[in-house]
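These notes concern the structure reproduced below.
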Amino acid sequence: MKQEIKPLNVLIKGLLLFALFNLVIAAWQTGVGQLSLYNILYPGRERLPFGENPKQSYNLSLFDLDAMFASHVIAGTPKTDDEFRVVIVGDSSVWGTLLKPEETLAGQLNADTLNACGKTVRTYNLGYPTISLTKDVMLLSYAVQYNPDLVIWMTTLDAFPLEKQTSTPLVANNEEKVRELATSYGLRVEADDSNFEVKSFWQKTFVGNRRAWADFFRLQIYGVMWSATGIDQVYPSEYEKAQTDFETDESYHDLTAPLTEDDLAINALETGFRVVGETPMLLVNEPMLISSGANSDIRYNFFYPRWAYDDYREIMTSLSERNDWTYVDFWDIVPANEFTNSAIHLTPAGENMLAENLAPYILENCK
């Protein structure tokens, strides 16, 4: 006998199932981002997803580290016996603002087909825009699972101020990961850090966390257009060049001369070395624009007054010697005309200069 369908019962059951689905999502969401179409239906990206204009760049910014790494080529590239694997972390200068993937530092090192200890050097770009040592440490903690033979950490003074460590959105939206680093590796994090976006249980449900889910699905969808075009960034034909004239301004954050180690997030730097463990790591002070414009006797560039940057370089040299870190200072190897829209963003020719200077250190550090 055919049973009568009762719409009210169907509606109630549907709502109950949806509520149950939301509770399950809130309680079990770890690792969902690892489910990816990248490296399966289409190739992995050469750099981590980042973008402010998805419709033109076929790319977007999201905070799900699992999804970000699952979309990267490193997640789908098994390491072979003849591969010397190098990962590079750092800021937008490593990621490659205004640069095509093959023009970035990683891209140019790969084009050089370097051979280290009888193995082919394969370099992976794990840089990510925004400047923060803690952001870099967080990405390093993911990178080590891919068994690198060498880590190159590109950094600059503006990654060191204490107030910048957790304010970058990628860190602020990954509180649990940062606190894991604090527990496991001694990363210094304030218990009541107001920068963190702390989600309640209800905000972790499918409905409460719908923006993150939308970003996850959009990343998969944009992969179709990206794999067809290779476009992952908007490349304007014209842009504002990096500033070279300055006011008579010696300020740097809220710090005063002389700069000391206590002013900087040295603990984050030390944590990075603890995270990579026995894997060799090359710490590089990245190139920056040295201006010759108005008041360039006071400021090197938009970021740095001379006093702060000079003190920083002395601190880095002292720290590296004290801790036996492999440290290279490339601050002045690129001329001012090879920077683009920022004092740390290089032209393709500037990246080539950097790659040529860096290559010998990669070969020296193979084991």
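Predicted model only: the values in this text are computed from it and were never measured. Every heavy atom of this structure was used, including side-chain atoms; hydrogens, water molecules and symmetry mates were not.
Expressed to the nearest 0.5 Å, how far OG1 of Thr271 lies from CG of Leu187 amounts to 4.5 Å. Leu157 CG to Met288 CE: the interatomic distance, rounded to the nearest 0.5 Å, is 9.0 Å. A distance of 4.5 Å separates CD in Glu261 from CG in Leu319, rounded to the nearest 0.5 Å.
Considering only heavy atoms from C-beta on, Trp307 stays 4.5 Å or farther from Pro258 through its side chain. Two residues are said to be in side-chain contact when any heavy atoms from C-beta on lie closer than 4.5 Å; Leu170 and Leu65 meet this criterion. Taking 4.5 Å as the limit, some side-chain heavy atom of Phe339 sits within range of a side-chain heavy atom of Val334. Looking only at side-chain heavy atoms (C-beta outward), Met281 and Thr326 stay at 4.5 Å or farther from each other. Side chains of Ser92 and Thr130 form no contact here, defined as non-hydrogen atoms less than 4.5 Å apart. Looking at heavy atoms from C-beta onward, Pro43 lies in side-chain contact with Trp226 at the 4.5 angstrom threshold. Residues Leu283 and Met154 are not in side-chain contact: their nearest non-hydrogen atoms beyond the backbone lie 4.5 Å or more apart. By the 4.5 Å heavy-atom criterion applied to side chains, Glu163 and Pro161 are counted as neighbours.
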Give the C-alpha distance, both sets of side-chain angles, the deciding distance and a yes or no for salt bridge (charged side-chain N to carboxylate O under 4.0 Å, His left out) between Asp232 and Arg45. CA-CA 9 Å; Asp232 68 348; Arg45 293 175 178 265; 5.0 Å; no
Glu270 and Arg188: salt bridge (charged side-chain N to carboxylate O under 4.0 Å, His left out), yes or no, with the steps? CA-CA 10 Å; Glu270 296 167 337; Arg188 196 166 298 151; 5.6 Å; no
What do the steps show when you test Asp158 against Lys164 for salt bridge (charged side-chain N to carboxylate O under 4.0 Å, His left out), and what is the final call? CA-CA 8 Å; Asp158 221 40; Lys164 294 195 68 175; 2.9 Å; yes
Working note: Leu98 + His345, criterion side-chain contact (heavy atoms from CB on, under 4.5 Å); need CA distance, chi angles, decisive distance, verdict. CA-CA 8 Å; Leu98 297 177; His345 294 162; 5.7 Å; no
Starting from the C-alpha separation in whole Å, work towards a yes-or-no answer on side-chain contact (heavy atoms from CB on, under 4.5 Å) for Lys241 and Asn341. CA-CA 4 Å; Lys241 298 286 289 184; Asn341 65 341; over 6 Å; no
Test side chain to side chain donor-acceptor pair (under 3.5 Å) applied to Thr166 and Asp193, step by step: CA-CA 8 Å; Thr166 57; Asp193 192 323; 2.7 Å; yes
Given side chain to side chain donor-acceptor pair (under 3.5 Å), test Thr156 with Glu286 step by step and report yes or no. CA-CA 6 Å; Thr156 186; Glu286 64 191 33; 4.5 Å; no
From CA spacing to verdict: side-chain contact (heavy atoms from CB on, under 4.5 Å), Arg299, Arg306: CA-CA 5 Å; Arg299 301 191 72 88; Arg306 285 178 175 257; 5.9 Å; no
Decide side-chain contact (heavy atoms from CB on, under 4.5 Å) for Leu48 and Leu139; before the verdict, give the C-alpha distance in whole Å, the side-chain angles of both, and the deciding distance to 0.1 Å. CA-CA 10 Å; Leu48 293 169; Leu139 296 178; 4.2 Å; yes
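The neighbour count for Glu190 CD, taken as heavy atoms of other residues, nucleotides or ligands under 6.0 Å away, does not exceed 12. Counting heavy atoms of neighbouring residues, nucleotides and ligands inside a 6.0 Å radius, atom NZ of Lys100 does not exceed 12 of them. Dense packing is recorded around CG of Asp249, with more than 12 heavy atoms of other residues, nucleotides or ligands lying under 6.0 Å away. Within 6.0 Å of the CZ atom in Phe330, the count of heavy atoms belonging to other residues, nucleotides or ligands exceeds 12. Remark: Lys79 NZ is packed, more than 12 non-hydrogen atoms of other residues, nucleotides or ligands lying under 6.0 Å away. A 6.0 Å sphere centred on CD of Glu176 holds no more than 12 heavy atoms belonging to other residues, nucleotides or ligands.
Residues passing the side chain to side chain contact (heavy atoms under 4.5 Å, CB included) test with Glu197 are Asn173, sequence neighbours excluded. Ala265 meets the side chain to side chain contact (heavy atoms under 4.5 Å, CB included) test with Leu133, Leu162, Gln165, Ala268; sequence neighbours excluded.
Using modelled atom types, no side-chain atom of Ser184 and backbone atom of Leu181 make a donor-acceptor pair closer than 3.5 Å. A donor-acceptor contact shorter than 3.5 Å is absent between the side chain of Trp153 and the backbone of Gly90. Distance alone, capped at 3.5 Å, is enough to place a donor-acceptor pair between the Asn295 side chain and the Phe246 backbone. Side-chain atoms of Arg85 come within 3.5 Å of backbone N or O of Tyr146 as a donor-acceptor pair. Side chain of Thr104 to main chain of Trp95: no donor-acceptor pair is present (N/O by atom type, distance under 3.5 Å, no hydrogens or angles). The closest donor-acceptor contact from the side chain of Tyr235 to the backbone of Leu99 lies under 3.5 Å. Here the side chain of Asn39 pairs no donor or acceptor atom with the backbone of Ala75 at under 3.5 angstrom. Within the 3.5 Å criterion, the main-chain N or O of Gln220 finds a donor-acceptor partner in the side chain of Tyr42. Looking only at distances, a side-chain donor or acceptor of Asp64 sits under 3.5 Å from a matching main-chain atom of Ala67. When atom types are taken as modelled, the side chain of Glu175 and the backbone of Val198 share no donor-acceptor pair closer than 3.5 angstrom.
No single ILVMFWY cluster, assembled from side-chain heavy atoms under 4.5 Å apart, contains both Ile298 and Tyr300. Hydrophobic clustering (ILVMFWY, side-chain heavy atoms < 4.5 Å, transitive): Phe273 and Leu282 are in distinct clusters. Cluster annotation: Val137 and Val94 are assigned to distinct hydrophobic clusters (Ile/Leu/Val/Met/Phe/Trp/Tyr, side-chain heavy-atom contacts under 4.5 Å, transitive). Under a hydrophobic-cluster definition in which Ile, Leu, Val, Met, Phe, Trp and Tyr are linked whenever side-chain heavy atoms come within less than 4.5 Å, directly or via other members, Ile333 and Tyr327 are assigned to different clusters.
Annotation for Gly293 and Ser291: closest pair N-OG, 2.9 Å, computed over non-hydrogen atoms. Here the shortest heavy-atom pairing between Ala143 and Pro148 reads O-CD, 3.8 Å. When all heavy atoms are compared, the tightest approach of Asp82 to Thr80 is OD1-OG1, 2.6 Å. In terms of heavy-atom proximity, Glu338 sits nearest to Ala349 at OE1-CB, 3.5 Å. Between Pro78 and Glu83 the shortest heavy-atom distance is O-OE1, 4.1 Å. Scanning both residues, Asp311 and Leu259, for their nearest heavy atoms gives OD2-N, 2.9 Å.
In this structure, the ring of Trp331 has its center less than 6.0 angstrom from the ring center of Tyr309. Note: Phe50 and Tyr128 meet the aromatic proximity criterion, with ring centroids under 6.0 Å apart.
Using the six-membered ring where Trp is involved, Phe160 and Tyr312 have ring planes that are perpendicular, over 60° apart on the 30 and 60° scheme.
Among residue pairs with one or both ends in residues 55-92, those qualifying as ring pair (Phe, Tyr, Trp, His ring centres under 6.0 Å) are Phe69-Tyr142; sequence neighbours excluded.
With respect to Leu358, the side-chain contact (heavy atoms from CB on, under 4.5 Å) criterion is satisfied by exactly one of Val284, Asp112, Val328: Val284.
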